[in-house]
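The next block holds one structure in the form of C-alpha coordinates; read it before the comments.
A quick note: this is a predicted structure, and the numbers were derived from the prediction, not measured. Naming convention: chains lettered A, B, ... in sequence-line order (proteins, then strands); numbering from 1 in each chain.
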Amino acid sequence: KAGVTQTPRYLIKTRGQQVTLSCSPISGHRSVSWYQQTPGQGLQFLFEYFSETQRNKGNFPGRFSGRQFSNSRSEMNVSTLELGDSALYLCASSSGGANYGYTFGSGTRLTVV
Amino acid sequence: GQQVMQIPQYQHVQEGEDFTTYCNSSTTLSNIQWYKQRPGGHPVFLIQLVKSGEVKKQKRLTFQFGEAKKNSSLHITATQTTDVGTYFCAPPPYGGTTNKLIFGTGTLLAVQP
(Lines give C-alpha, C1' and ligand atoms only; values in the text may rest on other atoms or scores of the structure.)
Protein backbone atom coordinates (compact mmCIF):
# COMPACT_ATOMS: atom_id res chain seq x y z
CA LYS A 1 0.00 0.00 0.00
CA ALA A 2 1.60 3.25 -1.10
CA GLY A 3 2.16 5.86 1.56
CA VAL A 4 1.40 9.56 1.57
CA THR A 5 3.18 11.28 -1.29
CA GLN A 6 4.15 14.92 -1.16
CA THR A 7 5.63 16.89 -4.02
CA PRO A 8 7.95 18.58 -4.45
CA ARG A 9 10.38 17.51 -1.70
CA TYR A 10 12.33 20.75 -1.79
CA LEU A 11 11.48 24.20 -3.02
CA ILE A 12 13.23 27.55 -3.02
CA LYS A 13 11.13 30.63 -3.65
CA THR A 14 11.62 34.37 -3.49
CA ARG A 15 9.73 36.69 -1.18
CA GLY A 16 6.47 37.80 -2.73
CA GLN A 17 6.07 34.73 -4.89
CA GLN A 18 3.40 32.13 -4.41
CA VAL A 19 3.76 28.37 -4.10
CA THR A 20 1.55 25.30 -4.44
CA LEU A 21 2.31 22.07 -2.63
CA SER A 22 0.70 18.75 -3.43
CA CYS A 23 -0.29 15.77 -1.30
CA SER A 24 -1.63 12.39 -2.39
CA PRO A 25 -3.07 10.49 0.59
CA ILE A 26 -3.14 6.77 1.15
CA SER A 27 -5.70 5.16 -1.11
CA GLY A 28 -9.07 5.15 0.62
CA HIS A 29 -8.18 7.89 3.10
CA ARG A 30 -10.56 10.81 2.78
CA SER A 31 -9.11 13.05 5.49
CA VAL A 32 -6.06 15.15 4.70
CA SER A 33 -4.43 17.53 7.16
CA TRP A 34 -1.63 19.99 6.64
CA TYR A 35 0.97 21.06 9.20
CA GLN A 36 3.77 23.57 9.25
CA GLN A 37 6.86 22.56 11.18
CA THR A 38 9.54 25.00 12.25
CA PRO A 39 12.24 24.65 14.93
CA GLY A 40 10.73 27.43 17.00
CA GLN A 41 7.01 26.67 16.72
CA GLY A 42 6.91 22.91 16.41
CA LEU A 43 4.05 21.29 14.50
CA GLN A 44 1.36 23.85 13.76
CA PHE A 45 -2.01 22.82 12.32
CA LEU A 46 -2.95 24.53 9.07
CA PHE A 47 -6.18 22.89 7.93
CA GLU A 48 -8.01 19.60 7.47
CA TYR A 49 -10.07 18.46 4.52
CA PHE A 50 -12.54 15.63 4.28
CA SER A 51 -14.44 14.76 1.12
CA GLU A 52 -13.46 18.05 -0.52
CA THR A 53 -14.66 20.14 2.44
CA GLN A 54 -12.47 22.09 4.80
CA ARG A 55 -13.59 20.96 8.23
CA ASN A 56 -11.16 22.95 10.32
CA LYS A 57 -8.59 25.67 10.00
CA GLY A 58 -5.66 26.70 12.14
CA ASN A 59 -4.53 30.17 13.08
CA PHE A 60 -2.72 31.12 9.92
CA PRO A 61 -3.25 34.20 7.75
CA GLY A 62 -5.42 34.09 4.67
CA ARG A 63 -2.31 33.77 2.50
CA PHE A 64 -2.46 30.08 3.37
CA SER A 65 -5.18 28.22 1.56
CA GLY A 66 -5.92 24.71 0.48
CA ARG A 67 -8.30 22.49 -1.36
CA GLN A 68 -9.11 18.84 -1.84
CA PHE A 69 -10.12 17.13 -5.03
CA SER A 70 -12.64 14.37 -5.58
CA ASN A 71 -9.86 11.77 -5.57
CA SER A 72 -8.82 13.04 -2.10
CA ARG A 73 -5.60 14.56 -3.35
CA SER A 74 -4.98 17.90 -1.71
CA GLU A 75 -3.05 21.03 -2.48
CA MET A 76 -2.05 23.93 -0.30
CA ASN A 77 -1.16 27.33 -1.60
CA VAL A 78 0.80 30.11 0.02
CA SER A 79 0.65 33.50 -1.64
CA THR A 80 2.91 36.51 -1.17
CA LEU A 81 5.60 34.46 0.49
CA GLU A 82 7.46 35.84 3.48
CA LEU A 83 10.81 34.78 4.90
CA GLY A 84 8.99 33.39 7.94
CA ASP A 85 7.13 30.92 5.74
CA SER A 86 10.30 28.89 5.41
CA ALA A 87 9.43 25.56 6.99
CA LEU A 88 8.76 21.90 6.49
CA TYR A 89 5.18 21.45 5.32
CA LEU A 90 3.75 18.09 6.22
CA CYS A 91 0.65 16.42 4.92
CA ALA A 92 -1.06 13.65 6.87
CA SER A 93 -3.87 11.38 5.81
CA SER A 94 -6.31 9.46 7.92
CA SER A 95 -9.22 7.17 7.26
CA GLY A 96 -11.56 9.26 9.36
CA GLY A 97 -9.99 12.31 10.92
CA ALA A 98 -8.43 13.30 14.21
CA ASN A 99 -9.54 10.21 16.15
CA TYR A 100 -7.56 7.88 13.94
CA GLY A 101 -3.82 7.58 13.53
CA TYR A 102 -2.32 9.86 10.96
CA THR A 103 0.12 8.77 8.27
CA PHE A 104 2.47 11.55 7.33
CA GLY A 105 4.21 12.21 4.08
CA SER A 106 7.90 13.05 3.92
CA GLY A 107 7.08 16.73 3.64
CA THR A 108 8.03 19.62 1.41
CA ARG A 109 10.94 21.71 2.61
CA LEU A 110 10.19 25.30 1.55
CA THR A 111 12.90 27.92 1.72
CA VAL A 112 11.97 31.53 1.07
CA VAL A 113 14.87 33.84 0.17
CA GLY B 1 -8.46 26.48 23.89
CA GLN B 2 -6.81 23.17 24.40
CA GLN B 3 -3.16 23.33 25.43
CA VAL B 4 -0.76 20.42 25.50
CA MET B 5 2.57 20.55 27.26
CA GLN B 6 5.27 17.94 27.13
CA ILE B 7 8.14 17.57 29.55
CA PRO B 8 11.03 17.48 29.33
CA GLN B 9 11.75 19.37 26.12
CA TYR B 10 15.06 17.59 25.77
CA GLN B 11 16.72 14.60 27.39
CA HIS B 12 20.14 13.15 26.88
CA VAL B 13 20.73 9.61 28.13
CA GLN B 14 23.41 6.96 27.96
CA GLU B 15 22.49 3.93 25.94
CA GLY B 16 20.84 1.42 28.25
CA GLU B 17 19.26 4.01 30.54
CA ASP B 18 15.50 4.46 30.76
CA PHE B 19 13.60 7.46 29.42
CA THR B 20 10.18 8.94 30.14
CA THR B 21 8.29 11.80 28.55
CA TYR B 22 5.09 13.25 29.96
CA CYS B 23 2.18 14.90 28.20
CA ASN B 24 -0.23 17.12 30.12
CA SER B 25 -3.44 18.63 28.84
CA SER B 26 -5.51 21.47 30.23
CA THR B 27 -8.70 19.66 29.18
CA THR B 28 -10.06 16.14 29.33
CA LEU B 29 -9.09 14.09 26.31
CA SER B 30 -11.15 11.57 24.38
CA ASN B 31 -7.98 9.77 23.39
CA ILE B 32 -4.31 10.46 22.83
CA GLN B 33 -1.90 9.48 20.12
CA TRP B 34 1.89 9.27 20.21
CA TYR B 35 4.25 9.89 17.32
CA LYS B 36 7.99 9.61 16.79
CA GLN B 37 9.98 11.77 14.42
CA ARG B 38 13.54 10.79 13.61
CA PRO B 39 15.99 13.60 12.80
CA GLY B 40 15.35 14.72 9.24
CA GLY B 41 12.25 12.54 9.02
CA HIS B 42 8.53 12.88 9.42
CA PRO B 43 6.27 11.93 12.34
CA VAL B 44 5.35 8.27 12.49
CA PHE B 45 2.29 7.07 14.37
CA LEU B 46 3.15 4.84 17.33
CA ILE B 47 -0.07 4.20 19.23
CA GLN B 48 -3.45 5.49 20.34
CA LEU B 49 -4.78 5.26 23.90
CA VAL B 50 -8.49 5.56 24.52
CA LYS B 51 -9.49 4.22 27.93
CA SER B 52 -8.92 5.85 31.30
CA GLY B 53 -5.87 4.28 32.98
CA GLU B 54 -4.96 2.34 29.85
CA VAL B 55 -1.46 0.88 29.57
CA LYS B 56 -0.07 -0.46 26.30
CA LYS B 57 3.33 -1.90 25.51
CA GLN B 58 5.31 -2.10 22.32
CA LYS B 59 8.51 -4.02 23.02
CA ARG B 60 10.56 -1.61 25.17
CA LEU B 61 7.98 1.19 24.94
CA THR B 62 5.22 1.54 27.56
CA PHE B 63 2.40 4.03 27.05
CA GLN B 64 0.01 5.12 29.80
CA PHE B 65 -3.15 7.19 29.81
CA GLY B 66 -4.05 8.89 33.07
CA GLU B 67 -7.12 8.00 35.08
CA ALA B 68 -8.54 11.47 34.56
CA LYS B 69 -7.64 11.36 30.85
CA LYS B 70 -5.70 14.60 31.13
CA ASN B 71 -2.19 13.23 30.96
CA SER B 72 -0.16 10.51 29.36
CA SER B 73 3.35 9.16 29.44
CA LEU B 74 5.75 7.22 27.25
CA HIS B 75 8.46 5.19 28.93
CA ILE B 76 11.34 3.56 27.08
CA THR B 77 13.26 0.85 28.89
CA ALA B 78 16.95 0.39 28.17
CA THR B 79 17.25 2.99 25.40
CA GLN B 80 19.08 2.21 22.19
CA THR B 81 20.58 4.57 19.62
CA THR B 82 17.65 3.74 17.34
CA ASP B 83 15.35 5.47 19.86
CA VAL B 84 16.84 8.86 18.99
CA GLY B 85 14.24 11.36 17.82
CA THR B 86 11.44 13.63 18.96
CA TYR B 87 8.41 12.09 20.62
CA PHE B 88 5.13 13.94 20.28
CA CYS B 89 1.84 13.37 21.98
CA ALA B 90 -1.21 14.40 19.99
CA PRO B 91 -4.63 14.50 21.55
CA PRO B 92 -7.71 15.18 19.45
CA PRO B 93 -10.14 17.62 21.05
CA TYR B 94 -12.63 16.03 23.43
CA GLY B 95 -15.41 14.50 21.39
CA GLY B 96 -13.23 14.64 18.32
CA THR B 97 -15.71 16.80 16.49
CA THR B 98 -13.32 19.39 15.16
CA ASN B 99 -10.86 17.00 13.57
CA LYS B 100 -7.95 19.17 14.50
CA LEU B 101 -5.14 17.04 15.86
CA ILE B 102 -2.95 19.23 18.07
CA PHE B 103 0.61 18.13 18.66
CA GLY B 104 2.45 18.64 21.89
CA THR B 105 5.70 20.52 22.05
CA GLY B 106 7.64 17.28 21.77
CA THR B 107 10.52 15.75 23.69
CA LEU B 108 13.82 15.38 21.88
CA LEU B 109 15.67 12.27 22.99
CA ALA B 110 19.41 11.97 22.43
CA VAL B 111 21.07 8.63 23.18
CA GLN B 112 24.80 8.43 23.65
CA PRO B 113 26.35 5.06 22.75
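- The environment of CD in Glu52(A) is crowded: more than 12 heavy-atom neighbours from other residues, nucleotides or ligands sit within 6.0 Å.
- Contact annotation: the side chain of Phe103(B) never approaches that of Phe45(A) to less than 4.5 Å [non-hydrogen atoms, C-beta and beyond].
- Within the 4.5 angstrom heavy-atom criterion, only side-chain atoms of Tyr35(A), from C-beta onward, approach chain B.
- By the neighbour-count criterion of 12 heavy atoms within 6.0 Å, atom CZ of Phe45(B) is densely surrounded, having more than that number from other residues, nucleotides or ligands.
- One hydrophobic cluster, built from ILVMFWY side chains closer than 4.5 Å, holds both Phe88(B) and Leu90(A).
- The number of heavy-atom neighbours closer than 6.0 Å to CZ of Arg63(A), taken from other residues, nucleotides and ligands shown, is above 12.
- By the neighbour-count criterion of 12 heavy atoms within 6.0 Å, atom OH of Tyr10(A) is sparsely surrounded, having that number or fewer from other residues, nucleotides or ligands.
- For the pair Gln37(A) and Gln37(B), the minimum side-chain heavy-atom distance is below 4.5 Å.
- Between atom NE2 of residue His42(B) and atom OH of residue Tyr102(A) there is a gap of 15.5 Å, rounded to the nearest 0.5 Å.
- Residues satisfying the side-chain hydrogen bond (donor to acceptor under 3.5 Å, both in side chains) criterion with Gln64(B), sequence neighbours excluded, are absent altogether.
- Heavy atoms from other residues, nucleotides or ligands lying under 6.0 Å from CG of Asn71(A) number more than 12.
- Considering all non-hydrogen atoms of both residues, Gly41(B) and Leu88(A) come closest at O-CD2, 4.5 Å.
- Cluster membership for Trp34(B) and Ile76(B), using ILVMFWY side-chain heavy atoms within less than 4.5 angstrom, is shared.
- At a heavy-atom cut-off of under 4.5 Å, chain B is reached by Phe104(A), Gly105(A), Ser106(A) from residues 103-113 of chain A, listed in order of number.
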